[in-house]
Participant: 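Please see the structure below; I have some questions.
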Amino acid sequence: MYNHQEIDAQWQNAWVSQKTFATPSAADPRPKMYILDMFPYPSGSGLHVGHLFGYMGSDVLARTARMQGKAVLHPMGWDAFGLPAENFAIKTGVHPALSTKQNAAAYRTQLQAAGLSYDWDREIDTSDPEYYKWTQWLFQLLYKRGLAYRKEGLVNWCPKCQTVLANEQVVGGQCERCQTVVIQRNLEQWYFKITDYAQRLIDDIETVDWPERIKAIQRNWIGRSEGAHIPFSVVNDTKVLTAFTTRPDTLFGVSYVVIAPEHQLLDTLAPESHKEAIATFRAQIAQETELERTQLVQEKRGVDTGIRVLHPITKQELPVWTADYVLATYGTGVVMGVPAHDERDAAFAEKYGLPSTVVLDGEPFAHAGAATLLASGDFTSKQNTKETMQAITKVAGGEWTITYRLRDWLVSRQRFWGAPIPMRSEVGTRNLELVPSEQLPVELPMDVDFLPTGQSPLAVADHWRLYEDGGTTYEREADTLDTFVCSSWYFLRFCNPHTHDQAFDPEAVKHWMPVDMYIGGAEHAAMHLLYARFITKVLFDEGLVPFKEPFQTLRNQGMILGPDHQKMSKSKGNVISAAETIAEYGADTFRTYELFMGPYDQEKPWSTTGIVGVRRFLEKVWALQEKAVAPVADETELHLINQAIAAVTTEIEATRFNTAIAKMMECVNALGKQFAITRDTYEKLLLILNPFAPHFTEELWHTVLGHADMCSLAEWPSVDERYLQSAAATYAVQINGKTRGTISMATDASETEVVAAAKEEQNVARYLTEGEVVKTIFVPGRVVSFVVK
RNA sequence: GCCAUGGUGGCGGAAUGGUAGACGCAGCGGUCUUAAAAACCGCAGCCUGUAAUGGGCGUGCGGGUUCGACUCCCGCCCGUGGCACCA
């Protein structure tokens, strides 16, 4: 038995004091490798085994890369702004600045206890004025480029958090953080114009190596739709209502037009006779939450607006309705009603007795698929191809166009613990201007009552909000920035975190970026990753970075479930503490077990019994030192170790850590059956095991092998190709596809020899007498297959 | 509904179209021990057979391609995640 507690502590201390994992300078000639974890929010509760799982994988990659001669940047920091610290402060009275620092220190200790090889000299904290000064700078950059703006409109409001939320932070009609049902409010807020980048965000996703499901979520979220704007001119008015449709081939089936209840033109165009009915209808739906409107109330409701428009081709007069099933925020807020070919229109038309005309053959509500146009004027009997749709659009005086589901990113928050928005206005005016750059950072005041009231705590802190500058009194913007703004550029700061006069050092960024391997949870697919890509593109356009995508390769770690196959949570009592596991089994067993459990990107349950198997494996490696006394290696030993090196190397590269560990187990089991092995083989074994079990191998490296340097920085062993192939091969011998026997042959045996031997195999011979061999298939090293009739 | 992803022993899982179940857990048998634990050695998908180098079945279901399919193709079922009155 080896003493894991002593060994863990000893090597962790050595790595920290000797700065073993310091990042090489940008002048280092070795190829660079930037391996990044999604940095955590340092919460008050301790880390469980699932939190650390993602960091295990990136750590193995970073450690392997170092040993393979790469200059590695592997940093860690804290996404420290955000609601939990503020809520904790409200409950306990401890200032967020203080609790955040304490939590970060506790996290650092725990990450070090797991043996993670971060360069702690590069630690960053987004709530540090040194950092958020540059988050504010970034805001101002977007403002100057016309990409940050204020707008009044309906926004998502979380009644519990007492703040607005971005669309991405509303999940299933609920607040992403506290699961409270989100309501709609009409407020003036700050936005980033991410919609300007919708097409580029779709296009460039093809250039990165990310899991397909993450790419799909992003494409889905951006939601590109090709279609047409079709103008419907208003009767007795010069105005035009423009509808968006993806199906101009159904234009001749339009029997009415629907305008969203919130649409601005509705008030302007509606005749006096109908205004009261419209107002009543609006009041009715305004009372309901988005959730009720979309999920609970499936029945479509609407009223006739009294407005009449002309069909752009037939010039037939059509009624305009307003209805709750049409959204103001998508397309033009106006849709054409085609009851014969749209399920929603069908339901609505049936309820209100609106006419329906069939204009396509085949399935009425087919979303895709070829159909022939019917009763469609000059277009009758044409196929509903894109060409036909574009031709109809042209005749109707419309335009072919593209619409996105993506909305602009709402970045202002009515909370305290975030970066203040660096804008001001002269008191009594609403003339917004940038806070002069030399006055950045706009620091958060420490002496503010931050109880949430629905407006920003900073708004009532007059001693902070109002200030004199050059004889003029200004009032500051009192909202803070969404914490996702802070995390949308931190990977740039890591390249040179101590640069003082700029957000990031362009030379360092040019050297280290883009991130070669980014590891984190899939829950950020539509938020952080989208925002970070957007900000990177803005910085590219500004000429500040020479790349368009920040994360070249992305991998998601799967979730670790409790032993009961349920998501770990305090209330279920199935949380496995990382600290306790490390204390009991040691950091090396913990690390190796987590990565052995299964595929890295899949979720899998923790097994309290399974971990002992990994501990046994490490004990076997420990015990193997007794056998490392052979003067020369035999063929078997050479095959075993070289096959292990080759397999482990490729498996790590492919982030298949579980099979890498299985290969080492096989190798160790087989080496244990040898009478003795060489020190050379033992040394190579320790080297390939080091990324997984760094403390343990470091100890053996020094005490048994007598090295003075660090195993963690030693050179990765190379493979001797001569020993990759075994001397003998086992052939399966098949009759009509069924294996009827096996034969062992020399690897270099010829086809003739193998086939002859196969025919002599006892059981095979029996089957061969049953008929004629009409065909023989030979797969070198694997199979001989006879087709017998 | 659309998009993505998965379905293999008692359990976690492994398998460039080539002996399905590697590796590990749990289990069973043995060695050692007064005994137990630990460690070590062995067995181990299911059914069948006195036996084996035997036979049959077997990777969610139904078809297909192939000498040969967990793997490729077609059609389904179920689980998970994302989006959704998006026109």
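Throughout, protein chains are lettered first and strands after them, A, B, ... in sequence-line order, and every chain is numbered starting at 1.
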Participant: Would you check if there is a donor-acceptor pair between the side chains of A:D304 and A:Y352 at a distance under 3.5 Å?
Facilitator: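 There is no such pair (donor and acceptor under 3.5 Å, judged by atom type) between the side chains of A:Y352 and A:D304.
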Participant: Please determine whether a side-chain nitrogen or oxygen atom of A:N669 lies at a distance below 4.0 Å from atom OP1 or OP2 of B:rG24.
Facilitator: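 Looking at the OP1 and OP2 atoms of B:rG24, one of them is under 4.0 Å from a side-chain N or O of A:N669.
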Participant: Under a 3.5 Å cut-off for both contacts, is B:rG27 paired Watson-Crick or G-U wobble with anything, and if yes, with which nucleotide?
Facilitator: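 Base-paired to B:rC43.
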Participant: Describe the nucleic acid contact of A:I777 in one word from base, sugar-phosphate, nothing, applying a heavy-atom distance below 4.0 Å.
Facilitator: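 The answer is base, as A:I777 lies within the cut-off (heavy atoms under 4.0 Å) of a base atom.
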Participant: What is the distance from atom CE of A:M664 to atom CG of A:N669, rounded to the nearest 0.5 Å?
Facilitator: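 Rounded to the nearest 0.5 Å, the CE-CG separation comes to 12.5 Å.
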Participant: Counting only heavy atoms from other residues, nucleotides and ligands, does the tally under 6.0 Å from NZ of A:K572 exceed 12?
Facilitator: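 It does: A:K572 NZ has more than 12 such atoms within range.
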Participant: Considering only the P atoms, how many Å lie between B:rU5 and B:rG10, rounded to the nearest integer?
Facilitator: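 Those two atoms are separated by 29 Å.
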Participant: Check the phosphate of B:rG55 against A:N763, side-chain N and O only, distance under 4.0 Å to OP1 or OP2. Yes or no?
Facilitator: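 Yes, such a contact exists.
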Participant: Please name all residues satisfying side-chain hydrogen bond (donor to acceptor under 3.5 Å, both in side chains) with A:H311, sequence neighbours left out, ordered by chain then number.
Facilitator: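 For A:H311 the side-chain hydrogen bond (donor to acceptor under 3.5 Å, both in side chains) partners, ignoring immediate neighbours, are A:T314.
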Participant: With a 6.0 Å cut-off (strictly less than), is the heavy-atom count around CD of A:Q725, excluding the residue itself, greater than 12?
Facilitator: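 It does not: A:Q725 CD has 12 such atoms or fewer within range.
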Participant: Using a distance-only criterion (donor-acceptor N/O pair, under 3.5 Å, no hydrogens), is the base of B:rC67 paired with the side chain of A:S785?
Facilitator: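 Such a pair exists between side chain and base.
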Participant: Is it true that A:Q169 and A:R177 share a donor-acceptor pair across their side chains at a distance under 3.5 Å?
Facilitator: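 No donor-acceptor contact under 3.5 Å links the two side chains.
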Participant: Base, sugar-phosphate or nothing for A:N736? Non-hydrogen atoms, less than 4.0 Å.
Facilitator: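 Touches sugar-phosphate only.
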Participant: At less than 4.0 Å, is any side-chain N or O atom of A:N658 found next to OP1 or OP2 of B:rA14? Yes or no.
Facilitator: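 True: A:N658 side-chain N/O within range (under 4.0 Å) of B:rA14 OP1/OP2.
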Participant: The side chain of A:E666 lies closest to which of these nucleotides: B:rG18, B:rA22, B:rG12?
Facilitator: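 Nearest nucleotide to the side chain: B:rA22.
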Participant: With respect to the phosphate group of B:rG56, does any side-chain polar atom (N or O) of A:R740 fall under 4.0 Å of OP1 or OP2?
Facilitator: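 Answer yes for this pair, as a side-chain N or O of A:R740 is under 4.0 Å from OP1 or OP2.
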Participant: Scan side-chain atoms only and decide if A:W400 and A:E226 contain a donor-acceptor pair under the 3.5 Å cut-off.
Facilitator: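 Judged by distance alone, the side chains do pair up.
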Participant: Mind calculating the distance between CH2 (A:W622) and P (B:rA39) to the nearest angstrom?
Facilitator: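 Rounding to the nearest Å, CH2 of A:W622 and P of B:rA39 are 17 Å apart.
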Participant: Taking the P atom in each of B:rG68 and B:rU19, what is the distance between them to the nearest angstrom?
Facilitator: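 These two P atoms come out 15 Å apart once rounded.
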Participant: A:Q734 and A:R740: side-chain donor and acceptor closer than 3.5 Å?
Facilitator: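 Absent: no donor and acceptor within the cut-off.
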Participant: Looking only at atom P, what distance separates B:rA44 and B:rC23, rounded to whole Å?
Facilitator: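 About 13 Å, rounded to a whole number of Å.
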Participant: Going by atom types alone, do A:R615 and A:Y585 pair a side-chain donor with an acceptor below 3.5 Å?
Facilitator: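 No, no side-chain donor-acceptor contact under 3.5 Å.
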Participant: Ignoring hydrogens and angles, does a donor from either the side chain of A:Q734 or the base of B:rG18 sit under 3.5 Å from an acceptor on the other?
Facilitator: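 When only heavy-atom distances are counted, A:Q734 does reach the base of B:rG18 through a donor-acceptor pair under 3.5 Å.
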Participant: Under 4.0 Å from any atom of RNA chain B, heavy atoms only: list the residues of residues 641-650 of chain A that qualify, in numerical order.
Facilitator: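 Output list: empty, so none.
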Participant: Please report the distance separating the P of B:rG45 from the corresponding atom of B:rU53, rounded so that it comes out in whole Å.
Facilitator: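 These two P atoms come out 15 Å apart once rounded.
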Participant: Heavy atoms from C-beta onward define the side chain here; which of B:rA15, B:rA4, B:rG13 lies closest to that of A:T659?
Facilitator: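 Among B:rA15, B:rA4, B:rG13, the one nearest the side chain of A:T659 is B:rA15.
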Participant: Using a distance-only test with no angle check, is there a side-chain donor-acceptor pair under 3.5 angstrom linking A:N556 and A:D601?
Facilitator: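 Absent: no donor and acceptor within the cut-off.
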Participant: Out of B:rU19, B:rA87, B:rC23, which nucleotide sits closest to the side chain of A:D342?
Facilitator: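 It is B:rA87.
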Participant: Ignoring the backbone of A:R782, work out which of B:rU53, B:rU19, B:rG82 is nearest its side chain.
Facilitator: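 Comparing B:rU53, B:rU19, B:rG82 against the side chain of A:R782, the answer is B:rU19.
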Participant: Under 4.0 Å, heavy atoms only, any strand: does A:A216 hit a base, just the sugar-phosphate, or nothing?
Facilitator: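 Sugar-phosphate contact only.
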Participant: Checking all strands, does A:D345 fall into the base, sugar-phosphate, or nothing category for heavy-atom contacts under 4.0 angstrom?
Facilitator: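 Nothing, no nucleic acid heavy atom in range.
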Participant: Which nucleotide wins on minimum distance to the side chain of A:T609, given the candidates B:rU53, B:rU19, B:rA26?
Facilitator: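 Closest nucleotide among those given: B:rA26.
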Participant: Need one value for A:K215: base, sugar-phosphate or nothing, where a base atom within 4.0 Å counts as base even if backbone is also close, heavy atoms only.
Facilitator: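 The answer is nothing, as A:K215 stays clear of every strand by at least 4.0 Å.
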Participant: For nucleotides B:rG12 and B:rC3, find the distance between their C1' atoms and express it as a whole number of Å.
Facilitator: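 One C1' to the other, the span is 29 Å.
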Participant: For A:T730, answer base if it contacts any base atom (sugar-phosphate contacts may also be present), sugar-phosphate if it contacts only those atoms, and nothing otherwise; contact means non-hydrogen atoms under 4.0 Å.
Facilitator: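 Since a base atom lies under 4.0 Å of A:T730, the category is base.
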Participant: Could you tell me how far B:rG29 sits from B:rU80 if I compare only their C1' atoms? Round to whole Å.
Facilitator: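 Straight-line distance between the two C1' atoms is 41 Å.
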Participant: From the set B:rG82, B:rC85, B:rC67, return the single nucleotide nearest to any side-chain atom of A:I217.
Facilitator: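 The answer is B:rG82.
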Participant: May I ask which nucleotide in the shown strands pairs with B:rG21, Watson-Crick or G-U wobble, both distances under 3.5 Å?
Facilitator: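 In the structure as shown, B:rG21 has no Watson-Crick or wobble partner.
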Participant: Can you figure out which of B:rG12, B:rA22, B:rA87 approaches the side chain of A:Y330 most closely?
Facilitator: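 Closest nucleotide to the A:Y330 side chain: B:rA87.
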Participant: Does A:Y767 reach a base, just sugar-phosphate, or nothing at all? Heavy atoms under 4.0 Å.
Facilitator: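 The residue A:Y767 makes sugar-phosphate contact but no base contact.
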Participant: Any strand counts, and the cut-off is 3.5 Å on both contacts for Watson-Crick or G-U wobble. Which nucleotide pairs with B:rA15?
Facilitator: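 None - no nucleotide pairs with B:rA15, as no candidate has both distances under 3.5 Å.
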Participant: For a quick test of reading the model, state the closest non-hydrogen atom pair linking A:A166 to A:Y531 and the distance between them.
Facilitator: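 Looks like CB-OH, 3.7 Å.
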Participant: Let's test this: given Watson-Crick or G-U wobble pairing with both distances under 3.5 Å, identify the partner of B:rC83.
Facilitator: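 The answer is B:rG1, by the H-bond criterion.
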Participant: Can you tell me the Watson-Crick or wobble partner of B:rC32, both distances under 3.5 angstrom?
Facilitator: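 Matched B:rC32 with nothing under the 3.5 Å cut-off.
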Participant: For B:rU59 and B:rU71, measure between their C1' atoms and round to the nearest Å.
Facilitator: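 After rounding to an integer number of Å, I get 10 Å for this pair.
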Participant: Given B:rG12, B:rG13, B:rA87, which nucleotide is nearest the side-chain atoms of A:H565?
Facilitator: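 Output: B:rG12.
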Participant: Need one value for A:S225: base, sugar-phosphate or nothing, where a base atom within 4.0 Å counts as base even if backbone is also close, heavy atoms only.
Facilitator: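 Sugar-phosphate: the residue A:S225, judged by heavy atoms under 4.0 Å, touches backbone atoms but no base.
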Participant: Does the protein touch nucleotides 40-48 of chain B at the base, only the backbone, or not at all? Give it as B, S and - per nucleotide, heavy atoms under 4.0 Å.
Facilitator: S--------
Participant: Which nucleotide, in any strand shown, forms a Watson-Crick or G-U wobble pair with B:rC70, with both distances under 3.5 Å?
Facilitator: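 Its partner: none found.
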Participant: Side chain of A:A732 only, please: which of B:rC67, B:rU19, B:rG82 is the nearest?
Facilitator: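 Minimum distance to the A:A732 side chain belongs to B:rU19.
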Participant: How far does the C1' atom of B:rA14 sit from the matching atom of B:rG7, given to the nearest Å?
Facilitator: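 After rounding to an integer number of Å, I get 16 Å for this pair.
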Participant: Distance check needed: B:rA87 P versus A:H229 NE2, whole Å only.
Facilitator: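 The answer, rounded to whole Å, is 12 Å.
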Participant: Heavy atoms only, 4.0 Å cut-off, all strands: where does A:V787 land among base, sugar-phosphate and nothing?
Facilitator: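 Sugar-phosphate: the residue A:V787, judged by heavy atoms under 4.0 Å, touches backbone atoms but no base.
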Participant: B:rA87, B:rU5, B:rC23: which one has an atom nearest the side-chain heavy atoms of A:E212?
Facilitator: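 The answer is B:rU5.
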Participant: Hey, are A:T329 and A:R407 close enough side-chain-wise for a donor-acceptor pair under 3.5 Å?
Facilitator: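 Yes, because at least one side-chain N or O of A:R407 sits under 3.5 Å from a partner of the opposite role on A:T329.
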Participant: Under 4.0 Å, heavy atoms only, any strand: does A:P211 hit a base, just the sugar-phosphate, or nothing?
Facilitator: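 The residue A:P211 makes no contact with any strand.
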Participant: Is A:K300 side chain donor-acceptor paired with the B:rC85 base, going by distance under 3.5 Å alone?
Facilitator: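 Side chain to base: pair found, below 3.5 Å.
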Participant: Inspect the surroundings of CD in A:Q762 and state if more than 12 heavy atoms from other residues, nucleotides or ligands are less than 6.0 Å away.
Facilitator: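 Not buried by this count: 12 neighbours or fewer within 6.0 Å.
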Participant: Do A:W606 and A:Y593 make the cut of ring centroids closer than 6.0 angstrom?
Facilitator: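 Distance test on ring centres: under 6.0 Å, yes.
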Participant: Categorize A:Q762 for me: base, sugar-phosphate, or nothing, with a 4.0 angstrom heavy-atom threshold over every strand shown.
Facilitator: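 If one applies the 4.0 Å heavy-atom cut-off, A:Q762 turns out to touch a base.
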